[in-house]
Colleague: 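There's a structure below that I have some questions on.
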2 protein chains.
Amino acid sequence: MPRHLTVDFRSPTPSYRQLADQLRDLITSGEIGPGEALPSLNRMVQETGLSMSTVQRAVRVLLEEGLVYTVPGRGVYAGPRKP
Amino acid sequence: MPRHLTVDFRSPTPSYRQLADQLRDLITSGEIGPGEALPSLNRMVQETGLSMSTVQRAVRVLLEEGLVYTVPGRGVYAGPRKP
DNA sequence: GTGTATTTGTTCGTATGTATC
DNA sequence: CGATACATACGAACAAATACA
């Protein structure tokens, strides 16, 4: 079971990057394997206290890194998009 | 001198992507050479009628593609960030 | 089959912060 | 100092895809 997602508002590192870093760790550590779903954006909003906009920005970072793919109406998944 | 930036609101292609595509063309075509400044974000807002948020998102696309770099307080420049 | 809820996607407007000139 | 320019973050609205009772 995933550990709590948190951000430190006093850190000079932007919130979206802090969240992106944590999500990246979950994936590269194998805690969330390929094809497995990440927490929904709403859930990340709840856990972090960030706004939806900021959470989406964090996820977009991983999208561009190719670490996750998204399916509208479904969720965010680890690994490469499957055919 | 750069041609007018425009977006078609009836297109299914998102506005931020339309703008990003146009800016990319300006760079890859050499119309804006390495080290040269792109129009300021405010200027892009004026020319396109988009919101600042959307314009910034478009520029972020090019940033992640490594086609431009930004200098806060200065502007957006074509090419790789200089050492 | 028809809603209803959930989830991601796009866009806007605003506020505030930081850097440069 | 004041004006300009990019950076981060929020909240809201609406759309579209998906899932499910």
Side-chain angles (χ1 to χ4, degrees), chain A residues 2 5-23 27 32 35-82, chain B residues 2 5-23 27 32 35-82:
Chain A
L5 299 171
T6 55
V7 295
D8 176 7
F9 294 96
R10 303 176 313 294
S11 166
T13 303
S15 304
Y16 78 90
R17 192 177 301 279
Q18 291 185 47
L19 176 54
D21 289 345
Q22 289 178 51
L23 296 174
I27 296 170
I32 299 182
E36 264 189 272
L38 275 68
S40 75
L41 302 189
N42 274 324
R43 189 125 178 81
M44 296 188 200
V45 167
Q46 292 172 342
E47 288 195 24
T48 61
L50 297 177
S51 70
M52 174 63 77
S53 316
T54 303
V55 167
Q56 288 187 331
R57 180 161 182 189
V59 170
R60 196 154 54 235
V61 170
L62 304 182
L63 262 175
E64 281 139 6
E65 292 176 357
L67 280 177
V68 302
Y69 63 94
T70 58
V71 183
R74 288 248 307 264
V76 185
Y77 298 87
R81 168 172 276 103
K82 125 174 169 190
Chain B
L5 301 170
T6 55
V7 297
D8 176 7
F9 293 96
R10 303 178 312 296
S11 166
T13 304
S15 305
Y16 78 90
R17 192 179 303 278
Q18 291 185 47
L19 177 53
D21 290 345
Q22 289 178 53
L23 296 175
I27 296 170
I32 299 181
E36 263 189 272
L38 275 67
S40 74
L41 302 190
N42 274 324
R43 190 120 173 72
M44 297 188 201
V45 167
Q46 291 171 341
E47 289 196 24
T48 60
L50 297 177
S51 70
M52 175 62 80
S53 315
T54 303
V55 167
Q56 294 197 101
R57 179 160 182 189
V59 170
R60 198 153 56 234
V61 170
L62 303 182
L63 262 174
E64 281 140 5
E65 291 175 358
L67 281 177
V68 302
Y69 63 95
T70 58
V71 183
R74 287 247 306 262
V76 185
Y77 299 89
R81 171 173 273 104
K82 114 170 175 196

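Labels below follow one simple rule: chain letters A, B, ... track the order of the sequence lines, proteins then strands, and each chain is numbered from 1. What you see below is based on every heavy atom in this structure, not just the backbone, and it leaves out hydrogens, waters and symmetry mates.
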Colleague: May I ask you to test the B:Thr48-B:Gln18 pair for a side-chain heavy-atom distance under 4.5 Å?
Modeller: no
Colleague: Look at the side chain of A:Gln22 and the backbone N and O of A:Thr6, then say whether any donor-acceptor pair between them is shorter than 3.5 Å.
Modeller: yes
Colleague: Output a table of donor-acceptor pairs, distance under 3.5 Å, between side-chain atoms of residues 54-62 of chain A and any protein atom two or more places apart or on a different chain; print 'none' if there are none.
Modeller:
unit_1: A:Thr54; atom_1: OG1; unit_2: A:Ser51; atom_2: OG; d: 3.1

Colleague: Show every donor-acceptor pair shorter than 3.5 Å between a side-chain atom in residues 35-42 of chain B and any protein atom, with sequence neighbours excluded, or say none if there are none.
Modeller:
unit_1: B:Glu36; atom_1: OE1; unit_2: B:Gly33; atom_2: N; d: 2.8
unit_1: B:Ser40; atom_1: OG; unit_2: B:Arg43; atom_2: N; d: 3.1

Colleague: In dot-bracket notation, what is the pairing pattern of DNA chain D, taking Watson-Crick (N1-N3 plus N6-O4 or O6-N4) and G-U wobble (N1-O2 and O6-N3) contacts under 3.5 Å, with [ ] crossing and | for other strands?
Modeller: .||||||||||||||||||||
Colleague: Please enumerate all residues that pass side-chain contact (heavy atoms from CB on, under 4.5 Å) together with A:Pro72, with sequence neighbours excluded.
Modeller: none
Colleague: What protein N or O atoms touch nucleotides 7-9 of chain D N or O atoms at under 3.5 angstrom, if any, and at what distances?
Modeller:
unit_1: D:dA7; atom_1: OP1; unit_2: B:Thr70; atom_2: OG1; d: 2.6
unit_1: D:dT8; atom_1: OP2; unit_2: A:Arg57; atom_2: NH2; d: 3.0
unit_1: D:dA9; atom_1: OP1; unit_2: A:Ser15; atom_2: N; d: 2.4
unit_1: D:dA9; atom_1: OP1; unit_2: A:Ser15; atom_2: OG; d: 2.8
unit_1: D:dA9; atom_1: OP2; unit_2: A:Ser15; atom_2: N; d: 3.3
unit_1: D:dA9; atom_1: OP2; unit_2: A:Tyr16; atom_2: N; d: 3.3

Colleague: Give the rounded distance in Å between these two atoms: CG of B:Asn42 and P of D:dA3.
Modeller: 15 Å
Colleague: Please give, in whole Å, the distance from D:dT4 P to B:Arg74 CZ?
Modeller: 18 Å
Colleague: Are the side chain of B:Glu47 and the backbone N or O of B:Leu5 linked by a donor-acceptor pair below 3.5 Å?
Modeller: yes
Colleague: For DNA chain C, note the earliest and the latest nucleotide, 5' to 3', having some atom under 4.0 Å of a heavy atom belonging to chain A.
Modeller: C:dT7 to C:dT10
Colleague: Might you point out which heavy atoms bring B:Leu50 and B:Phe9 nearest each other, and give the distance in Å?
Modeller: CD2-CE2, 3.9 Å
Colleague: Distance from B:Thr70 atom OG1 to B:Tyr77 atom OH, nearest 0.5 Å?
Modeller: 10.0 Å
